[in-house]
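When a ligand or atom number is given, it counts from 1 through the structure's own listing order.
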Amino acid sequence: MSAKPVVIAIDGPSASGKSSTAQWVAERLGFKHADSGAIYRAATAARLRAGGAKDAAKWTEAEVLDAAKKRVRIVAGERSFTPEIDGKPAEDELRGADVTSCVSAVARMEGVRQWVNEQMRSVAARASIVVDGRDMGTAVFPDAAVKIWLVADPWERARRRLVQTLKRAPTDEEIAEETDRLVHRDAKDAKQSAQAPDAVLLDTTYLTQEEQVDRIVALARTVATRDAASG
Ligand code: DC
C-alpha cells in the first residue's frame, strides 16, 4: 500500500463483531487496530475512578473530560493502539458492568466525542490502521480508503455474544433476554451511529468470521490496486 497511512473504517451496531473482525483484518494487512469504543469506555472508567456516584446521569461533561485527560493515554502496542488508565492496561475494567452501564451516556457528550475523535486521528497519522466504532467512516475518517458497515441479525448477534461470554451454547431464553438488551443498547447509541453513503454493507448473519475477514481484505486490496494504478 502507499506510503501515506491508510485507514480502513469498520462501523456497526453493538456485538456485530466489529472489533474482532477489525483485529483480524489488521493482522492480515500488517496494519494496526484501534477500537474507538474502548476509548469511550476508558473515559468512562477514568470518571468512575475519580469517585462519587456510579450514575452517569449525574456526571457533567467537564468532569468526564477532566478525568479522561488526566488518566487515559493511548499506547501503541505491536498490533494495536489501546487505552491505558493511570499508566496501566485495564481491559477487564473496560468490559465490566459498571463501565458498560455508564458508557452510552458518556458517548452522548459532545466534548467527549471530540476528544475521542482527536485521539483516533492522532493514532491514524502514525500508522496504517483499521479502526472500528459507530462513526469512523462518517464523522472521524470521511476519507477512509475502505468503509464497512457491519451488521447481523440481532438474535444472531446475541447468540454469538453469549457463546463468547458463557463458553457454551446458550438457551433460547438466554438469547431472547440478550437480544432485548442489545436492541435497547442499539437504540441508545443510534444518534451517534451512521452508515456512510460510500460504506459497503456487510451482513454477517450467515457468514463465518473468516469469510467476513476475507471480504474486507479483498476490498482493501482492490482499493490499493486501484489507487496504485491511478498514481
Ligand atoms: O462498541 P462498544 O460497546 O465498546 O462501545 C462503547 C460505547 O461507545 C457504546 O455506547 C457506543 C459508543 N461508541 C460511540 O458512540 N461511537 C463510537 N465510535 C464507538 C463507540
Side-chain angles (χ1 to χ4, degrees), residues 7-26 33-48 54-57 59 61 64-65 67-68 72 74 80-85 89-124 129-142 144 147-152 154 157-158 160-162 164-165 178-179 181-196 199 202 204:
V7 176
I8 296 180
I10 304 180
D11 290 305
S14 61
S16 59
K18 297 180 301 287
S19 288
S20 45
T21 302
Q23 251 167 36
W24 199 346
V25 170
H33 167 235
D35 169 8
S36 58
I39 308 182
Y40 285 102
R41 286 173 181 272
T44 308
R47 175 60 193 83
L48 282 165
K54 285 187 179 180
D55 176 2
W59 299 347
E61 179 179 294
V64 176
L65 272 175
V72 178
I74 312 303
S80 59
F81 291 98
T82 48
E84 284 189 356
I85 310 177
E91 185 58 23
D92 289 349
E93 187 177 339
L94 296 189
R95 305 289 149 197
D98 287 347
V99 168
T100 299
S101 73
C102 293
V103 67
S104 282
V106 166
R108 284 194 295 274
M109 295 174 173
E110 204 36 55
V112 176
R113 298 201 74 76
Q114 280 172 22
W115 177 77
V116 172
N117 294 350
E118 281 163 23
Q119 310 304 308
M120 293 300 291
R121 291 191 187 109
S122 130
V123 297
I129 195 165
V130 183
V131 292
D132 73 275
R134 304 290 190 289
D135 58 351
M136 295 297 102
T138 50
V140 189
F141 299 107
K147 300 179 187 178
I148 306 291
W149 184 252
L150 202 69
V151 298
R157 283 193 275 141
R160 288 177 188 168
R161 168 149 289 183
L162 287 171
Q164 225 174 34
T165 51
E178 184 64 20
T179 302
R181 270 197 291 273
L182 265 185
V183 295
H184 284 97
R185 269 196 72 196
D186 288 351
K188 277 194 192 165
D189 294 331
K191 215 173 136 239
Q192 291 85 249
S193 308
Q195 179 181 354
L202 192 55
T204 72

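Once rounded to the nearest 0.5 Å, the distance linking NE2 of H184 with OG1 of T179 reads 11.5 Å. The structure places OH of Y40 at 11.5 Å from OG of S104, a figure rounded to the nearest 0.5 Å. Here the straight-line distance linking atom OG of S101 with atom CG of D55 works out to 8.5 Å at 0.5 Å rounding. Interatomic distance, I148 CD1 to T204 OG1, rounded to the nearest 0.5 Å: 11.5 Å. Summarising the geometry, atom CG belonging to D11 is positioned 6.0 Å from atom CH2 belonging to W149; distances are rounded to the nearest 0.5 Å.
For atom 10 (O) of ligand 1, the closest non-hydrogen atom of the protein is D189 OD1, 2.9 Å. Regarding atom 19 (C) of ligand 1, its nearest protein heavy-atom neighbour is S36 OG, 3.4 Å. Summary of contacts: the protein heavy atom closest to atom 6 (C) of ligand 1 is R41 NE, 3.8 Å. Protein heavy atom at the shortest distance from atom 12 (C) of ligand 1 is A107 CB, 3.7 Å.
Of the heavy atoms in R134, both backbone and side-chain atoms come closer than 4.0 Å to ligand 1. Only the side chain of R185 comes within 4.0 Å of ligand 1, counting heavy atoms alone; its backbone N, CA, C and O stay farther away. Heavy atoms from both the backbone and the side chain of S104 come within less than 4.0 Å of ligand 1.
For ligand 1, the atoms lying closer than 4.0 Å to a non-hydrogen atom of G133 are 18 (N), 19 (C).
Taking 4.0 Å as the cut-off, R95 counts as a neighbour of ligand 1 on heavy-atom distance. Distances from ligand 1 to the non-hydrogen atoms of M136 include at least one value under 4.0 Å.
The distance criterion of under 3.5 Å between nitrogen or oxygen atoms is met by D135 with respect to ligand 1. Between R113 and ligand 1, an N or O atom pair is found at a separation short of 3.5 Å. When only interatomic distances are considered, the shortest N/O to N/O separation between Y40 and ligand 1 does not fall below 3.5 Å.
Taking the charged nitrogens against the carboxylate oxygens, R134 and D189 do have a contact shorter than 4.0 Å, which makes a salt bridge.
In this model, no donor atom of one side chain and acceptor atom of the other lie less than 3.5 Å apart for S36 and R113.
In this structure, R47 contributes its side chain and A67 its backbone to no donor-acceptor pair below 3.5 Å.
Of the residues listed (H33, Q23, K18), the one engaging D132 in a side-chain hydrogen bond (donor to acceptor under 3.5 Å, both in side chains) is H33, and it is the only one.
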